[in-house]
Amino acid sequence: MELASFLNAQQQQAVEHLKGPLLVIAGAGSGKTRVIEYRVLNLIANGVPPGQVLLLTFTRRAAKEMLSRAAKRDPKAAEVEGGTFHAFGVKVLRQFAGHLGIKENFTVLDQADAEEALHRCATDLKFYEGPNRFPQKASLQKILSMATNKRLAIGQVLEAEYPNFIDCRPQLEQLREVYSQFKLEKSYFDYDDLLLYLRLLLGQEAVRVHLGNQYRYLMVDEYQDTNLLQGEIVGLLGAEHQNVMVVGDDAQSIYGFRGAYHQNILDFPGKFKNTRIIKLEANYRSTQEILDLSNGVLGGMEKAYEKHLKSAEGRQGDKPKLLFFKEPAEEAVFVADAIQEFYHQGESLYEMAVLFRSSYLSFHLQTELAKRRIPFDVFGGKKFSDTAHVKDLLAFLKILANPKDELAWNRCLMLLPGVGPKTAQKLIGQLVGRSSLVEMKAVFDTLGENAKYKTQSVKWIKALVEAQSQARDLGEAYLFLLNAYLPVLEDQYDNWQQRKKDLEMLAQIAARYQSIEELLTDFALEPPEREVSEVMGIYKEEGRVTLSTIHSAKGLEWGNVFLIGMIEGLFPSAYALKSDEGLEEELRLFYVAVTRAKSRLFLTLTHYGFSGGITQFNKPSRFLDQPGIQSHLESPAERTSPAPKPELPKIGLNKEELLAKLAELYQAKGG
DNA sequence: CCTACTCAGTAGCCT
DNA sequence: ACTGAGTAGG
Ligand SMILES: Nc1ncnc2c1ncn2[C@@H]1O[C@H](COP(=O)(O)OP(=O)(O)OP(=O)(O)O)[C@@H](O)[C@H]1O
């Protein structure tokens, strides 16, 4: 392989470094991802069996992309073990399940499932009955998760983030214990458990040696967004052989809310003695104008970064533009117009992205694009699998996979009219004592005739039994369940037809899987993004515009990028303004956003916004006031201040007059 | 005792 | 739009 034709000198050094610890730390667009790709190939070319290489990435998508690109040059690269820390945790945990007395087909709880489970434990412990306020389920999950990922005591998390709940510390500690027991008993693992148990297993000398021998070469991408727990995992996985390469950019650490510890990357050389450090200097992605702005963003940070982004090839282009609009609909029209214009100039839709801080900022644009039949994909925000009806059907599938899944039963039973928490619990008490669906059927068959939920629940258990015994594949099994669920769906939702379509689409996805466990695990670890109608029409050539949160755009690049919603309180987010670190992370997020663009970059905002049911005046993001940023933006000569509201015309109508006018209008005029 | 309904308050980023 | 609190009613 002639590396020199694909890599610069520093990249080659990194790719040719095969043994011992290596840290590649470099700015955005400097070719870090490319280094990983070629290092995988180089390891294989040097005789390393691909199965001995472990590549941990931030999303499963990233791992898949890197490995499939590498596999084009050497098919063996496809055999490399790649995925997220969480996915790797699942894999290892399934291998060792037998030794830990847990079911091999354990269920992975997503965040909402974990919240439900926590809520149940807290309710059982009667923590909501006392006179003191106890955190809501979402906060419970966040507090415990933060403690796990940052390796902090619950008290420390409370002090730092939830001082108002500081008195709940003993209860929260008890809750964590009960919740852990509950999960272990039922073979549930939430996201944090996947890391925690992996860490626990690696704490066993024998496991550490075993995995160290199995995976002789470890690579970690986006290392700046790993947390302390993941840092420990890397330390243990690499302890045997020290062949650990981590890659990242400390200025791109944007997952603090998930416990990311950007110091991890700076501490790496301390953890692994004799670490070789390689810095990549040249940027291959963007024009110098875009990089000037990026450098301006870096310059606005508290922390001084020595890096200075410079285009490798001296690429020149337009200065990034800052544009103001009256309201979101107008902003959407501008973006859609520009997309169409670029498309007609010959740009592929794949080279266009619209980025935003929060997913709801894209709603207007979604409407506008759909209206114009411009195909697009949405990343980030509410997932397809977060919607109630999809979760309902997944609960049925969970029961099919594991008839003793109490949380799934609870969700399903609560859908029955006449069944609330108490009845559901009572039924579950009877159900879990039985070992199969067929035996469970008796519970419903023997219900008193006056139980109004009897008919429906008997239909359900019948469908479950049939799905288990008669279906030839998962697609068929799914249809049994869907048909049983439909009456309740139609009852529950006004827009059931739309939801039914979603569930039919889920049928297609389900049919692609061999086993339910696989499907459920995939849905938990990498939920499908919200599907968007397959609009065709005038855009025959393939290609789709990307609409993405900045977080989900990490590591990606496009020729044309629109960053919308540059509004104070939205970006930087009001939540983040509470602390200096919060604001600093927003700036890093801004840096990530602008460095996604190769050639053209637009920042937009609107004067009016809509929030909490009222129209508001927006203030431009404070980022735009920073001189180092402003000077690299081309904006309208004068900043159009919000148009003053026109004076209201004076009219005076009293109640009688109003009623008389109303009566006039009520005069029927239609056919 | 339990469920179903109404109302008020709030709305982030992800595995 | 969606959640939790509070209350009316089975
Ligand atoms: N040596 C090179 N010569 C030419 N182009 C390169 C070279 N290295 C990388 N590139 C290209 O530069 C762009 C950015 O590279 P890459 O995605 O690897 O950067 P990165 O450092 O991972 O960026 P980020 O930190 O934003 O994820 C890609 O389009 C890549 O193909």
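Naming: A, B, ... by sequence-line order, numbering from 1 per chain.
- Checked against the 6.0 Å centroid threshold, A:Phe96 and A:Tyr197 do not count as a close aromatic pair.
- Residue A:Gln111 is in base contact, counting any heavy-atom pair closer than 4.0 Å across all strands shown.
- Which of C:dG4, B:dG12, B:dT15 sits closest to the side chain of A:Tyr191 comes down to B:dT15.
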Practice problem: Using the side chain to side chain donor-acceptor pair (under 3.5 Å) rule, take A:Thr549 and A:Ser552 through it: C-alpha gap first, then chi angles, then the decisive distance, then the call. | Solution: CA-CA 5 Å; A:Thr549 57; A:Ser552 294; 3.1 Å; yes
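- Between A:Ser359 and B:dC13 there is a side-chain N or O to OP1 or OP2 distance below 4.0 Å.
- The aromatic ring of A:Tyr255 does not stack onto the base of B:dC14, failing the criterion of a centre distance under 5.5 Å from the six-membered base ring together with planes under 30° apart.
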Result block: side-chain N/O donor-acceptor pairs under 3.5 angstrom for residues 102-109 of chain A, not counting sequence neighbours:
from	atom 1	to	atom 2	distance (Å)
A:Asn105	ND2	A:Glu517	OE2	3.4

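- Backbone-only contact: A:Pro417 has heavy atoms under 4.0 Å from sugar-phosphate atoms and none from a base.
- Remark: P of C:dT3 and CE of A:Met414 are 12 Å apart, rounded to the nearest angstrom.
- Which of B:dT15, B:dG12, B:dC14 sits closest to the side chain of A:Thr59 comes down to B:dT15.
- One atom, NZ of A:Lys383, and another, C1' of B:dC14, lie 6 Å apart when rounded to the nearest Å.
- For B:dC13, neither phosphate oxygen OP1 nor OP2 lies less than 4.0 angstrom from any side-chain nitrogen or oxygen of A:Ser552.
- With ring centers used as reference points, A:His119 lies 6.0 Å or more from A:Phe127.
- Inter-residue side-chain proximity for A:Lys452 and A:Leu416 is flagged as unmet; no heavy-atom pair is nearer than 4.5 Å.
- The nearest whole Å value for the distance from the OH atom in A:Tyr493 to the P atom in C:dA1 is 14 Å.
- At a cut-off of 3.5 Å, with distance as the only test, a side-chain donor of A:Tyr188 or A:Asp405 sits close to an acceptor on the other residue.
- Within the 4.0 Å cut-off from OP1 or OP2 of B:dG12, not a single side-chain nitrogen or oxygen of A:Lys382 is found.
- Rounding to whole angstrom units, OH of residue A:Tyr360 and P of B:dT10 are separated by 15 Å.
- Set against B:dC13, B:dT15, B:dG12, the side chain of A:His551 has B:dC13 as its closest nucleotide.
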Self-check item: Base-pairing string, 5' to 3', of DNA chain B - Watson-Crick or wobble, under 3.5 Å, | interstrand
Solution: ||||||||||.....
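- For the residue pair A:Tyr608/A:Asn618, the side-chain donor-acceptor check at 3.5 Å is not satisfied.
- Backbone-only engagement by A:Lys137 is indicated by non-hydrogen atom pairs under 4.0 Å involving sugar-phosphate atoms exclusively.
- Only one option out of A:Lys64, A:Lys383, A:Arg61 pairs with A:Glu526 in a salt bridge (Lys or Arg N to Asp or Glu O under 4.0 Å); it is A:Lys64.
- What separates CD of A:Gln492 from C1' of B:dC5 is a distance of 14 Å, to the nearest Å.
- No engagement by A:Arg60 is indicated, since no non-hydrogen atom pair under 4.0 Å with the nucleic acid exists.
- Listed nucleotides: B:dT3, B:dG12, B:dT15. Nearest to the side chain of A:Lys422: B:dT3.
- Sequence order on DNA chain B of the closest nucleotides to A:Ser358 and A:Val419 puts A:Val419 first from the 5' end.
- With C:dT3, B:dG12, B:dC14 as the candidates, the nucleotide lying closest to the side chain of A:Tyr575 is B:dG12.
- In this entry the distance linking CG of A:Leu413 with C1' of B:dT3 reads 15 Å, nearest Å.
- Residue A:Thr84 is in sugar-phosphate contact alone, with no base atom involved, counting any heavy-atom pair closer than 4.0 Å across all strands shown.
- Minimum atom distance to the side chain of A:Phe257 is reached by B:dC13, of the listed B:dC13, B:dT15, B:dC2.
- The shortest side-chain heavy-atom distance between A:Trp460 and A:Thr455 does not fall under the 4.5 Å cut-off.
- In terms of phosphate contacts, A:Thr423 brings no side-chain nitrogen or oxygen within less than 4.0 Å of OP1 or OP2 of B:dC2.
- Within 4.0 Å of A:Gly256, counting heavy atoms only, lies no atom of the nucleic acid at all.
- Following rounding to the nearest Å, A:Glu222 (CD) and B:dC14 (P) show an atom-to-atom distance of 14 Å.
- In this structure, CD of A:Gln136 is placed 10 Å from C1' of B:dT10, rounded to the nearest angstrom.
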